[in-house]
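Only one structure is covered here, and it is reproduced in the block below.
Given the structure is predicted, the values throughout are model-derived calculations rather than measurements.
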Amino acid sequence: MIQSWKRLVFVFLVSLLATSAPVLAKPLVLEEFFRGKTVGEGVFESKIAGVYRPFKVYLTGTWNPRTFTLRLREDFVYEDGERDTKTWFFQKVSEDRYIGQRADVLSPTNVVTNEDGSLRFSYIAELETENGPIKLRFDDTLTQTDKRTVRNTAKVMKAGITIGTVDLTFKR
């Protein structure tokens, strides 16, 4: 009886240590993963508006080692045939931080590396709609799931209320 009790306590302590130990993941390095051609498949979904909008995105990344800047062109093709192009400029300012800029983003955004190796950034973009421009906040997380895959999840908000989500997977 005492032997099984000791074993139970040992298993408990090991599991407790395993769950509280920091995750030592290799951080996502934008200029390494997104240099060259990358393809993504994803969906924008808004349950409030009843929208489910699948899309593909074709990325071309160019790294400038003199300015420490990744130019990332995104060519979107939506399932309904609409097309759009966005171009990000990510300047590396330290090993775990970038400053991101895009023409429709209202101010530069900090891109920071989390303890788990994922990248997080938040920004307000002014997007054109058939009813005129609309300002939306995006809270993005980029997580490298394996050597050839990065998952991008985002909350899309208006006036502090989540109105939609983006779930996008990039493959190399």
Side-chain angles (χ1 to χ4, degrees), residues 25-65 67-92 96-114 116-158 162-172:
K26 181 180 183 275
L28 172 61
V29 179
L30 289 177
E31 66 275 16
E32 290 175 8
F33 187 85
F34 289 107
R35 189 178 312 165
K37 303 282 186 184
T38 309
V39 177
E41 287 192 44
V43 65
F44 168 76
E45 184 172 15
S46 174
K47 294 187 177 167
I48 293 172
V51 174
Y52 184 85
R53 197 160 185 223
F55 61 90
K56 281 191 173 186
V57 59
Y58 301 90
L59 286 76
T60 304
T62 307
W63 173 248
N64 184 331
T67 61
F68 302 104
T69 302
L70 174 69
R71 179 183 184 271
L72 192 60
R73 179 185 164 122
E74 305 172 309
D75 291 307
F76 292 89
V77 180
Y78 293 89
E79 193 174 74
D80 62 10
E82 182 183 345
R83 294 175 177 269
D84 194 11
T85 297
K86 307 280 186 199
T87 303
W88 277 102
F89 294 90
F90 293 104
Q91 183 176 35
K92 190 168 195 161
D96 60 353
R97 194 165 79 87
Y98 300 83
I99 302 294
Q101 297 184 66
R102 196 175 78 191
D104 62 341
V105 172
L106 300 186
S107 62
T109 181
N110 272 315
V111 182
V112 295
T113 304
N114 287 334
D116 66 357
S118 65
L119 296 178
R120 290 190 53 103
F121 55 109
S122 181
Y123 56 93
I124 298 173
E126 186 170 88
L127 304 176
E128 289 298 323
T129 71
E130 58 190 31
N131 299 322
I134 183 172
K135 292 179 184 171
L136 297 173
R137 173 174 292 283
F138 290 78
D139 284 342
D140 280 61
T141 301
L142 294 169
T143 306
Q144 189 162 5
T145 58
D146 62 44
K147 186 177 177 178
R148 298 174 36 100
T149 309
V150 167
R151 183 165 182 228
N152 179 191
T153 55
K155 286 194 309 185
V156 183
M157 293 170 279
K158 177 72 178 165
T162 300
I163 62 163
T165 59
V166 176
D167 194 348
L168 172 58
T169 301
F170 298 107
K171 295 277 190 185
R172 301 254 334 141

Between [Y] and [X], is there a side-chain heavy-atom distance shorter than 4.5 Å?
X: Thr153; Y: Thr165; value: no
X: Arg71; Y: Thr87; value: yes
X: Thr169; Y: Val150; value: no

Please determine whether a side-chain nitrogen of the Lys or Arg among Asp104 and Arg102 lies less than 4.0 Å from a carboxylate oxygen of the Asp or Glu.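 Yes, Asp104 and Arg102 are salt-bridged.
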
Where do [X] and [Y] come nearest, in terms of heavy atoms and distance?
X: Leu168; Y: Gly42; answer: CD1-N, 3.8 Å
X: Leu30; Y: Tyr98; answer: N-OH, 3.1 Å
X: Pro54; Y: Val43; answer: N-CG2, 3.8 Å

Do we see a donor-acceptor contact under 3.5 Å between the side chains of [X] and [Y]?
X: Thr149; Y: Lys171; value: yes
X: Tyr52; Y: Glu79; value: no
X: Arg172; Y: Thr38; value: yes
X: Thr141; Y: Arg120; value: yes
X: Thr60; Y: Lys37; value: yes
X: Ser118; Y: Asp116; value: yes

Rounded at 0.5 Å granularity, tell me how far [atom1] in [X] sits from [atom2] in [Y].
X: Glu128; Y: Ile134; atom1: CD; atom2: CD1; answer: 11.0 Å
X: Leu136; Y: Glu126; atom1: CG; atom2: CD; answer: 10.0 Å
X: Thr109; Y: Trp88; atom1: OG1; atom2: CH2; answer: 6.0 Å
X: Thr145; Y: Arg151; atom1: OG1; atom2: CZ; answer: 8.5 Å
X: Phe44; Y: Ile163; atom1: CZ; atom2: CD1; answer: 5.5 Å
X: Phe34; Y: Leu142; atom1: CZ; atom2: CG; answer: 5.5 Å

Other residues, nucleotides and ligands only: do more than 12 of their heavy atoms fall within 6.0 Å of NZ on Lys86?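 Yes.
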
Test applied, side chain to side chain contact (heavy atoms under 4.5 Å, CB included); reference residue, Phe138; option that passes from Leu127, Val105, Ile124: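 One option only clears the test, and that one is Leu127.
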
Geometric class of the Phe55/Tyr78 ring pair [parallel <30°, tilted 30-60°, perpendicular >60°]: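 If you compare the ring of Tyr78 with that of Phe55, the planes turn out tilted.
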
Please report the C-alpha distance between Asp139 and Met157 in whole Å, then the side-chain angles of each, then the deciding distance to 0.1 Å, and finally whether the side-chain contact (heavy atoms from CB on, under 4.5 Å) criterion is met. CA-CA 8 Å; Asp139 284 342; Met157 293 170 279; 2.9 Å; yes

